[in-house]
Structure formats: C-alpha cells, structure tokens
Amino acid sequence: MEIAEIKAVIEQEKEAARAEADGVRDRTALQLFKSVRMGKKSVLSSLYPQLKSVPEERKKEFGREISGLKEYLENLFQEAFQRIHEQELRRKMEEKKVDITLPGYGIELGSLHPYQAVVREVTDFFLGLGFEVADGPEVETDENNFERMNIPKDHPARDMQDSFQIAEGIVLRSHTSSVQSRVMKENCPHPVKVICPGKVYRRDNDATHSHQFGQIEGLVLSPDATFANLLSLLTKLLRHLFGEKREVRFRPSYFPFTEPSIEADISCFECGGKGCAFCKQTGWIEILGAGMVHPNVLRINGYDDKVMQGFAFGLGIDRVAMLKYGIDDIKKLYEDDVDFLAQFRKE
C-alpha cells in the first residue's frame, strides 16, 4: 500500500470514527465503538503490519500517522465516556431529587441502654457519698486477679471464677476486684473509698449468665470502717435501686477475699415476700455479696491489718438491670435490638 493510500485510509477512519462516537449514547455502544475502532480487527490494528512495506526513510512518518490515529481514537473514546458518565449522573440526580417543600422526617431520640442506666444510677449514688470511680484493664495479670485477692494458685476458690487465660499468667479478669488490688497498691497505706464498674469474663452461658457481664465492686479501707457501716450502706443502696419499701436481709456466706462474708437479699417485688415462681417460693431475691476485707488481702497488698480494716461488696450490673426492667434473658442486653432498647426510652 502506498503512503498516500495509507494517509487516505487514516483520514477516512478518523471521519467514520468521529461520526460513530457522536452517536454513542450508552455504555454498550461505547464498548462496541472501542472494539470496532481499537480492537484486534480494527483499521488501526491492520495498519501496523503495513510498516514492513514502507521504505525505511518513510517509516518514522508512517509511525507518526498511526500514533496520531491511535491518539485521536482514544480521545474520541474518552469524550464519549465522559459524556455518558455526566448523563448518568444527571439522571440519578433527577431520580433522587429532594423536594424541599415536603415536611421533614421526625428524628427519633435514642434510649439509654439498661446496662448503662444501672451503671449511672449506682455511680451517682456512690458519688453522692464521697466515693471515687476507679478503672483498670480487662486483660489482667493472674497476680492482680487472683493472688492479691487471697486466691493462690491451685486454690479451689478459683473454680468459682473459671476464667479465660490469654497467656501464661495473663487472664481476662473474672471480677473487678483486680481494680481494687491496683487501687490498694497505689494508695497504700492510706484509706480508700472507691467503686469499680466494668466488664468481667467467666465461663458461663445460660438465660441468666453470660461469658461477659458487668460488675460494680466497692471498697472502703479505713481504720474505723465497721461491719455496721457495710450493712447500713448496702441497705440504702438496695432500697435506692429497688424502692424504699423493699425489705433487706443478710445471710452468712463465703468469699476468699472477705471475712466475715455475707449475701444480701431483697424481698420479692412480684409477690411481696409471700413466695412465687419468680423468687422460687422463697419470698427473697439474691442481689449481691459483701464482707469485711480479709486480713490476708490487707497484708498481701501492703497494709497493716492491725491498723487498717475495711469492707468490700460487688453486684452484677446485668442482674440488677434484668430485675429492675423485667428482662428474661441476659443475652438481650448484648443483641443491639433497636425495638428492645426502645422500651427504655424516656419520652
């Protein structure tokens, strides 16, 4: 093919391509244009083999002509692509056009999660009595979680708080007593008056227990802290949470970090203490555990048990929430069900 013929073919191809590109209106036609004008069977592709028959001194000129055609076709393709893209964008904007004259949608207020509602209520109660709030890590050392709470290795009391081990000597805390240990180490030998709210982890799983749950523990260390102070404080707390008419009773119990230890119960608010299925016919509902800080705990954490004494207590956040709000399954507290949470919205 002569040079003049090649140039004529290139000009014809440019004219045909321009006419075709102007008529492209959608992405299917655009892809067809690219295949016909720039694909393996296109005029552009057929020109490359012609380089062999072109005289050496004209090859550069011929190469520039082919490159010019390729660039021209690519520009046509980009122009068509941009035009289609803008058309699609305008169409979408029209379809989703907002009529600003229409009335707006109502904005629904969220609700405080029952778990957090209990945390706030208990925290506010103790802040009003001069307590401080202490926090600590959920991944804790075995020493802080067990040993400093008078639960040495291989002690059977550890079976009560079967925990998740992360590494040698590292566990997910099974109670917020580990925070008490940190507070004692930091404040020793000075008095302490704190509450420790937070999540804890144990190998439990049923309607009223979960492998993860919340706990609020309290610790008071003072040379003049007494058992009577503890009983008075817990009575006020439980009536604050469940109503001033609630009867409160205390039973002897066992905890490795307190001595003597007690369990606190309230009269059943379903039957008024007469006995029903809710309270298992006893008339009482178990709420929390407490006791005087064990002398071993004081000594382990650096205190002189002949000078310092105190008391500690702990209640389950989830359990209190379930009792206060009539929740029948602890898992509902962790399912993020909007309809469930809407029940606790304050209008």
Side-chain angles (χ1 to χ4, degrees), residues 113 115-116 118-119 122-123 131-190 192 194-221 253-259 261 288-291 293-303 305 310 312-322 329-336:
H113 195 285
Y115 176 101
Q116 194 60 41
V118 170
V119 173
V122 174
T123 300
F131 281 70
E132 295 181 358
V133 178
D135 193 15
E138 294 178 17
V139 178
E140 186 57 275
T141 63
D142 182 277
E143 179 185 6
N144 285 334
N145 194 75
F146 291 119
E147 294 183 38
R148 286 186 171 273
M149 289 293 108
N150 197 33
I151 312 176
K153 287 182 171 61
D154 301 322
H155 193 286
R158 292 201 179 201
D159 294 340
M160 299 167 59
Q161 299 185 18
D162 201 2
S163 58
F164 296 91
Q165 183 170 341
I166 303 301
E168 185 66 30
I170 304 295
V171 298
L172 291 180
R173 67 184 183 189
S174 57
H175 49 186
T176 54
S177 299
S178 59
V179 182
Q180 295 184 25
S181 173
R182 290 173 174 270
V183 169
M184 285 188 279
K185 284 191 290 184
E186 182 178 342
N187 289 274
C188 184
H190 304 293
V192 169
V194 299
I195 59 168
C196 315
K199 294 177 183 176
V200 298
Y201 305 86
R202 298 181 192 175
R203 290 179 58 191
D204 288 325
N205 185 28
D206 56 43
T208 58
H209 297 85
S210 170
H211 68 280
Q212 170 191 297
F213 59 97
Q215 192 176 59
I216 299 179
E217 294 195 12
L219 173 66
V220 173
L221 295 181
S253 187
Y254 165 76
F255 300 106
F257 27 77
T258 53
E259 181 61 38
S261 301
L288 57 81
V293 177
H294 199 293
N296 286 348
V297 173
L298 292 172
R299 288 193 291 266
I300 292 170
N301 289 281
Y303 285 89
D305 64 303
F313 54 88
L315 71 159
I317 300 171
D318 311 72
R319 177 164 177 75
V320 173
M322 292 174 71
D329 191 335
I330 192 172
K331 296 178 181 60
K332 290 181 179 179
L333 294 170
Y334 300 98
E335 291 177 345
D336 293 333

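This chain uses plain numbering: 1 for the first residue, then up along the sequence. Everything numeric in this text was worked out from a predicted model, so none of it was measured.
For the atom pair Tyr201 OH and Asn145 CG, the distance stands at 12.5 Å (nearest 0.5 Å). A distance of 6.5 Å separates CG in Asp329 from CE in Met322, rounded to the nearest 0.5 Å. The OG atom of Ser178 sits 11.0 Å away from the CG atom of Asp142 when rounded to the nearest 0.5 Å. Note that CD1 of Ile317 and CD of Gln215 are 8.0 Å apart. Values are rounded to the nearest 0.5 Å. Taking NZ of Lys199 as the start and CD of Glu138 as the end, the distance is 6.0 Å to the nearest 0.5 Å.
Pairing each heavy atom of Asn301 with each of Cys188, the nearest pair is O-SG, 3.8 Å. Heavy-atom minimum distance, Ser261 versus Phe255: OG-N, 3.3 Å. Heavy atoms only, all atoms of each residue included: Asn144 and Ser181 are closest at OD1-OG, 3.4 Å. Taking both residues in full, the closest heavy atoms of Ser177 and Met149 are given as CB-SD, 3.5 Å, listed atom of the first, atom of the second, then distance. Considering every non-hydrogen atom in both Ala312 and Thr258, the closest pair reads CB-CG2, 4.4 Å. Listed here is the closest heavy atom pair of Pro197 and Ala134: CD-O, 3.8 Å.
Listed by chain and residue number, nothing satisfies the side-chain hydrogen bond (donor to acceptor under 3.5 Å, both in side chains) test with Glu132 (two or more places apart in sequence, or in another chain). Take Glu140 and apply the salt bridge (Lys or Arg N to Asp or Glu O under 4.0 Å) test, not counting sequence neighbours, and it matches Arg182. Residues forming a salt bridge (Lys or Arg N to Asp or Glu O under 4.0 Å) with Asp305 (at least two apart in sequence, or on another chain): Arg299. Partners of His113 according to the side-chain contact (heavy atoms from CB on, under 4.5 Å) rule, which considers only residues two or more places apart in sequence or in another chain, are Tyr115, Gln116, Leu333, Leu341. With sequence neighbours left out, the ring-ring contact (aromatic ring centres under 6.0 Å, His included) criterion links Tyr303 to no other residue. Shown here are the side-chain hydrogen bond (donor to acceptor under 3.5 Å, both in side chains) partners of Thr123, two or more places apart in sequence or in another chain: there are none. Partners of Ile170 under the side-chain contact (heavy atoms from CB on, under 4.5 Å) rule, at least two apart in sequence or in another chain, are Val139, Thr141, Ile166, Ala167. By the side-chain contact (heavy atoms from CB on, under 4.5 Å) test, Glu186 pairs with no residue at all, sequence neighbours left out. Residues meeting the side-chain hydrogen bond (donor to acceptor under 3.5 Å, both in side chains) test with Glu143, sequence neighbours left out: Arg148. Partners of Arg173 by side-chain hydrogen bond (donor to acceptor under 3.5 Å, both in side chains), not counting sequence neighbours: none found.
Ring centroids of Phe257 and His175 are separated by less than 6.0 Å, placing the two rings close together.
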Check against side-chain contact (heavy atoms from CB on, under 4.5 Å), Phe213 and Arg202: CA-CA 8 Å; Phe213 59 97; Arg202 298 181 192 175; 3.8 Å; yes

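Counting heavy atoms from C-beta outward, Met184 and Ile300 have side chains that stay 4.5 Å or more apart. For the pair Val200/Thr176, a side-chain contact is recorded, criterion being any heavy-atom separation below 4.5 Å from C-beta on.
Partner of Asn150 under the side chain to side chain contact (heavy atoms under 4.5 Å, CB included) criterion, out of Val297, Val293, Leu298: Val297 alone.
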